[in-house]
Amino acid sequence: MKYPPLQNYINGQFVNASTDHSLPVISPLDGSQLSTVPLSASKDLDDAVKAAKAAFPAWSRKPIKERVQVFFRYKYLLEKNMDELAKLVQEENGKTYSEAVAEVEKSIELTEFACSLPQLVTGEILEVSKGVECRTEHVPLGVVASIVPFNFPSMVPNWTIPNAIALGNCMIMKPSEKVPLSCVRLAQLLKEAGLPDGVFNIVNGDSAIVTAICDHPGIEAVSFVGSTKVAKIVYQRATSNYKRALALGGAKNHLMVLPDAKPDMTAQNVAASMSGCAGQRCMAASAMVAVGEVDHIITKICEEAKKIIPGENLGAVISKESKERIESYITEAEKQGAKILVDGRGAKVAGKENGTYVGPTVIDYVKPDMSVAKEEIFGPVISIMRTETVDEALAIENANPYGNAASVFTQNGGMARYIIDRASAGMIGVNVGVPVPREPFSFGGWNESKFGVGDITGKSSIEFWTKLKKSTTKWNPEAGVNWMS
Ligand code: NAD
């Protein structure tokens, strides 16, 4: 094992979980065991909530301008430790080093946004009648929880950590049991940045601890990022316990390619979108709708896909089970009559025989009712469906239950606007394969890709992590007595 067994992080200390149960942490790059992660019990969660509750009064009473000073330092520490953080992400998740660097860079951008929060939460004040003022303030909720998936071990935790904590909350983080190492370093860097003990805590575990979080009376709000199946479970359970909840789920993002699209640019973007992070992005292009005559672009997409080599510029998928699942989707589509133009099954990387790699895969002549067209595959696979018209393409996109992202490739601005207006997704790209909104714009899908109100990052997250206090004040006796008195 490369690293010692992991512990929980409670009240500024790394402590053993109260159970002996643990899971191995395996590197997808070569199948080697990196560490073990404890499966915590509810007593461990109780300890973390107790620490967070104790830290809350002092932390929440600090002016936000003081609280964000921690995040100015944290941002600097993320930059200073970039190489180490990126290597850790790469090791535990399997993505390429440059993708891991991009993920840490995005964590830095998220932190920069949190540093700007004092400018955005000034509240409002108005003299509503002579001598009477109404004022609104954003007040933190208390102890909040963040449950995160495996595909971005640094970025997704940082979707919630800087904003929720800078806004005055204390947090319990539940990392993915598949990639729990990065959060350990984040905790260390937060402490080094001066975050008081108890404000940020980590409780490791699997579904049992997620259930305990949803049920815990000391936790005010739960944010979740992961599959739709679990997002539904978490949203339902947390809200049935009267907690505020925001649960981001899976995705099936459609790219619509029109005949007037720029061939080279489109092909490069489609190939990068389907294969980046080995297709394990909730923003990945997973289905392409070829509208009309675009064979020349499909040929170029295949050429681009063939330049993507497992172990070189393509990382591993998270586990043996994932590799098998992805490959079985491809095999099923082939049996149903789809045409495999580029086949990533059986990929091997010399010297890393136990790594879990799937090569880029392009499947053509997919029908909308096939599993590869409807379901999230979460691998470097694109399924191409063909239609005659844009409206048919939109009908396919609209019929999908997810709604994270959709993109169109065209040179026609009017047609792009037509599609922006009609696509049923929260994030739309025009000639952009991965339309992730950059800060200060917020990130969040629609339909079965997100449950709850508001978005998880950017300005919209302020509403989720705070509640509004409205005060009405009158100091001047001459204001007199009226219906407000
Ligand atoms: P997952 O749903 O399996 O796990 C997410 C978290 O939930 C983990 O911390 C896990 O321990 C916990 N969990 C797993 N099963 C549970 C259960 N039955 N009850 C309670 N908790 C449970 O997701 P994953 O495989 O780690 O991540 C991949 C998924 O996340 C994909 O579907 C991807 O699209 C999605 N994702 C979505 C977004 C988004 O912004 N919408 C972003 C990143 C990832």
Looking only at heavy atoms, what is the nearest atom pair of [X] and [Y], with distance?
X	Y	result
N8	A17	ND2-CB, 3.7 Å
V179	P149	CG2-O, 4.1 Å
S383	I377	OG-CD1, 4.4 Å
G198	A55	C-CB, 3.6 Å

For a side-chain hydrogen bond (donor to acceptor under 3.5 Å, both in side chains) check, start with the C-alpha distance between S154 and S107, then their side-chain angles and the critical distance, and finish with the verdict.
CA-CA 7 Å; S154 170; S107 306; 2.8 Å; yes

Does [atom1] in [X] sit with more than 12 non-hydrogen atoms of other residues, nucleotides or ligands closer than 6.0 Å?
X	atom1	value
D421	CG	yes
K191	NZ	yes
Y97	OH	yes

Establish, from distance only, whether the side-chain atoms of N241 and H216 form a donor-acceptor pair under 3.5 Å.
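Not at all, the side chains of N241 and H216 share no donor-acceptor pair under 3.5 Å.
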
Under 3.5 Å, is there a donor on one side chain and an acceptor on the other for E334 and T331?
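No donor-acceptor contact under 3.5 Å links the two side chains.
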
Kindly say whether [Y] contributes a backbone atom to a donor-acceptor pair with the side chain of [X] at under 3.5 angstrom?
X	Y	answer
E220	V143	no
N163	T160	no
N447	S449	no
R422	Y418	yes
N253	A284	yes
S273	N269	no
D44	S40	no
Q33	S35	yes
N158	L110	no
T361	G359	yes

Using 0.5 Å steps for rounding, measure from the [atom1] atom of [X] to the [atom2] atom of [Y].
X	Y	atom1	atom2	value
S22	E177	OG	CD	12.0 Å
L246	F464	CG	CZ	5.0 Å
L255	N431	CG	CG	11.0 Å
I340	D364	CD1	CG	9.5 Å

Electrostatic pair [X]:[Y] at N-O distance under 4.0 angstrom:
X	Y	result
E376	K229	no
K374	D369	no
E332	K335	no
R325	E321	no
D47	K43	yes

Quick one: are [X] and [Y] in side-chain contact, heavy atoms under 4.5 Å?
X	Y	answer
I301	M288	yes
L248	I456	yes
T228	Y402	yes
E463	H138	yes
F451	T239	no
N93	F150	yes
M427	F443	yes

Do K450 and Y235 form a cation-pi contact, if we require the NZ or CZ to be under 6.0 Å from the six-membered ring centre and within 45 degrees of the ring's axis?
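No, K450 does not lie over the aromatic ring of Y235.
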
For residues 7-32, pull every pair meeting ring-ring contact (aromatic ring centres under 6.0 Å, His included), keeping only residues two or more places apart or in separate chains.
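ring-ring contact (aromatic ring centres under 6.0 Å, His included) check on residues 7-32 returns Y9-F14.
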
Decide side chain to side chain contact (heavy atoms under 4.5 Å, CB included) for T457 and F113; before the verdict, give the C-alpha distance in whole Å, the side-chain angles of both, and the deciding distance to 0.1 Å.
CA-CA 9 Å; T457 64; F113 175 76; over 6 Å; no

Passing candidate, side chain to side chain contact (heavy atoms under 4.5 Å, CB included) with [X], options [options]:
X	options	value
I384	V366, V372, V362	V362
P140	I64, N169, L167, I165	N169
C183	K174, Q188, M173	M173

Enumerate the side-chain hydrogen bond (donor to acceptor under 3.5 Å, both in side chains) contacts for residues 274-289, please, sequence neighbours excluded, ordered by first and then second residue.
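Those involving residues 274-289 are K252-S286.
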
Could you check E103 against K95 for salt bridge (charged side-chain N to carboxylate O under 4.0 Å, His left out), going step by step and ending with a plain yes or no?
CA-CA 10 Å; E103 175 171 348; K95 60 182 68 176; 2.6 Å; yes

Of E91, E84, E92, which is the lone residue that meets salt bridge (Lys or Arg N to Asp or Glu O under 4.0 Å) with R185?
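By the salt bridge (Lys or Arg N to Asp or Glu O under 4.0 Å) criterion, R185 pairs with just one of E91, E84, E92: E84.
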
List in chain and number order the residues that pass ring-ring contact (aromatic ring centres under 6.0 Å, His included) with F71, two or more places apart in sequence or in another chain; answer none if no residue qualifies.
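By the ring-ring contact (aromatic ring centres under 6.0 Å, His included) rule, F71 matches Y74.
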
